[in-house]
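Everything on this sheet refers to the single structure shown next.
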2 protein chains.
Amino acid sequence: MSEVSCTPNVGRPRAFDMNTALEKALEVFWRKGYDGTSLSDLTEAMGINKPSLYAAFGNKEQLFLKAIELYESRPCSFFLPALEKPTAYQVAEHMLYGAALNMADQAHPQGCVVVQGALSCSEAAATVKEALLNRRVEGEQKLRARFEQAKLDGDLPASADAETLARYLGTVLQGMAIQANNGATSEQLRQVAEMTLQAFPR
Amino acid sequence: MSEVSCTPNVGRPRAFDMNTALEKALEVFWRKGYDGTSLSDLTEAMGINKPSLYAAFGNKEQLFLKAIELYESRPCSFFLPALEKPTAYQVAEHMLYGAALNMADQAHPQGCVVVQGALSCSEAAATVKEALLNRRVEGEQKLRARFEQAKLDGDLPASADAETLARYLGTVLQGMAIQANNGATSEQLRQVAEMTLQAFPR
DNA sequence: AGGGTTATTTACCGTCTAGTACAAATTTAT
DNA sequence: ATAAATTTGTACTAGACGGTAAATAACCCT
């Protein structure tokens, strides 16, 4: 049988932890964007040399994509948990308040790497730009599907437009990412969340 | 008396129009961001060589800042005109509908260069990043001042929170820039504008 | 102890980057 | 005509970029 472990038991063991190195890479990409991040930035932050980076993660592009995967699977991620709230209103509520808390959190760079990692960028970043764009669009599609379900469940009126509700919420969430970059605090974003919810049917 | 014209009447005349060249530069920066734009990208789009660019605009950073000035003074700019509408609600209305039309306009890159020109970027872009951040914050301050005035005018209730209203509007406007990058149409953004206005006191 | 395997280090590659020196070209003023 | 002023095109610089070759080091298994 073939062994599928990612840490083989032969050869010299890796001197660094891949996950913490990936966290460091994520932080740099988050702060500087894909184009603005150099390999020197990465190796310095990750505490490894270039050949180690390439052996472990492929290249800059693949490293970025893996960092984004990590980002979305982190325990402090709020998007997927919010989707599971029992009513559409509670989904919106948890998503907005979660974003308010998370995006201005000083424990990491402000905003959202999926929004600001490769928004306007060089041709060299085309692949990662598209990957991020897809994530944003898919997030909104998940919101929409959740609101369609809410209409079936009866906690949204049958007249509600799930697609527009999802896009409205997506717009505010993405706008909050910019606000956090502008220096807005969690409390200020919470107030925006509150206003946003006033337009939301309950 | 000293002549202050920018086109001196001695020496070889400039073979290109500075304003149209600046428009071309703006378009590239808008599409690729500051870090993602190379001097080759610029000279190619502007149809001039590097020494001409440096002689006319200083360097990459100064060229970017001049392109942003041009951007904000363009006739299709909607921000300042909307501020002059007679009531707070009409200000919000014109700003949101103007943004919906403008940001998804296929006649130029999608979104807003003030939002996406240098959001996450290298240290080399620190100056332009800060310049854009200041413009975003100042825009919101202008909105806030306009809403304070509206409270005095009586077209906003005295209980209204001008700062939060301005931040809410700013958040949606900046979110619309991301939405336009996501491929949202003007019609879809118009629907978001409509929802946004439902939370706005009138 | 030795062979196989993998990671690490150092040094390097070609290409692209922002920015410039310089000479030729084109204008106005005398 | 000629001098002064300015732009233009060509060619160049020094350094940073993403990425890699090759030798050495550290581990497991027999």
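The chains referred to below are lettered A, B, ... by the order of the sequence lines, with proteins before strands, and numbering in each begins at 1.
- The residue B:Ser122 sits apart from the nucleic acid: no heavy atom pair falls under 4.0 Å.
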(request) Just do the side chain to side chain donor-acceptor pair (under 3.5 Å) check on B:Gln188 and B:Gln179 with the steps written out, would you? (result) CA-CA 9 Å; B:Gln188 290 170 332; B:Gln179 287 289 319; over 6 Å; no

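- Toward the 5' end of DNA chain D, the nearer of the two residues B:Pro13 and A:Tyr34, judged by each one's closest nucleotide, is B:Pro13.
- Between the CG atom of B:Asp17 and the P atom of D:dT8 there is a distance of 12 Å, given to the nearest Å.
- Between A:Glu84 and A:Arg146, no side-chain nitrogen of the basic residue sits less than 4.0 Å from a carboxylate oxygen of the acidic one, so the salt-bridge criterion is not met.
- When the nearest nucleotides of DNA chain D are assigned to B:Phe16 and A:Asp35 by heavy-atom distance, the more 5′-ward of the two goes with B:Phe16.
- Less than 4.0 Å separates DNA chain C from at least one heavy atom of each of the following residues of residues 40-62 of chain B: B:Ser40, B:Lys50, B:Pro51, B:Tyr54, B:Asn59, B:Lys60.
- For the pair B:Lys60 and B:Tyr34, the distance from NZ or CZ to the six-membered ring centre is under 6.0 Å and the angle to the ring normal is within 45 degrees.
- No side-chain N or O of B:Thr20 forms a donor-acceptor pair with one of B:Glu23 less than 3.5 Å apart.
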(request) Please test A:Gln149 against A:Asp153 for side chain to side chain donor-acceptor pair (under 3.5 Å), starting from the C-alpha separation and ending with a verdict. (result) CA-CA 6 Å; A:Gln149 181 59 45; A:Asp153 295 346; 2.8 Å; yes

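- One finds no salt bridge joining A:Glu140 and A:Arg144 here, because no Lys/Arg side-chain nitrogen approaches an Asp/Glu carboxylate oxygen to under 4.0 Å.
- Defining each end axis of the helix from C:dA1-D:dT30 to C:dT30-D:dA1 as the rotation carrying four pairs' C1' atoms onto the next four, with five pairs an end, the two axes are found to diverge by 0° to 10 degrees.
- Put simply, CD on A:Glu123 is 19 Å from P on C:dT15, counting in whole angstrom units.
- To the nearest angstrom, C1' of C:dA7 lies 12 Å from CE of A:Met18.
- Taking only distance into account, the side chain of B:Arg12 never meets the base of C:dT27 through a donor-acceptor pair shorter than 3.5 Å.
- Checked by distance alone, A:Arg14 brings no side-chain donor or acceptor within 3.5 Å of a matching partner on the base of C:dA7.
- Ring-centre distance between B:Phe147 and B:Phe200: below the 6.0 Å cut-off.
- By the salt bridge (Lys or Arg N to Asp or Glu O under 4.0 Å) test, A:Glu69 is found to be paired with no residue, residues two or more places apart in sequence or in another chain being considered.
- Using the six-membered ring where Trp is involved, B:Phe57 and B:Phe16 have ring planes that are tilted, between 30° and 60° apart.
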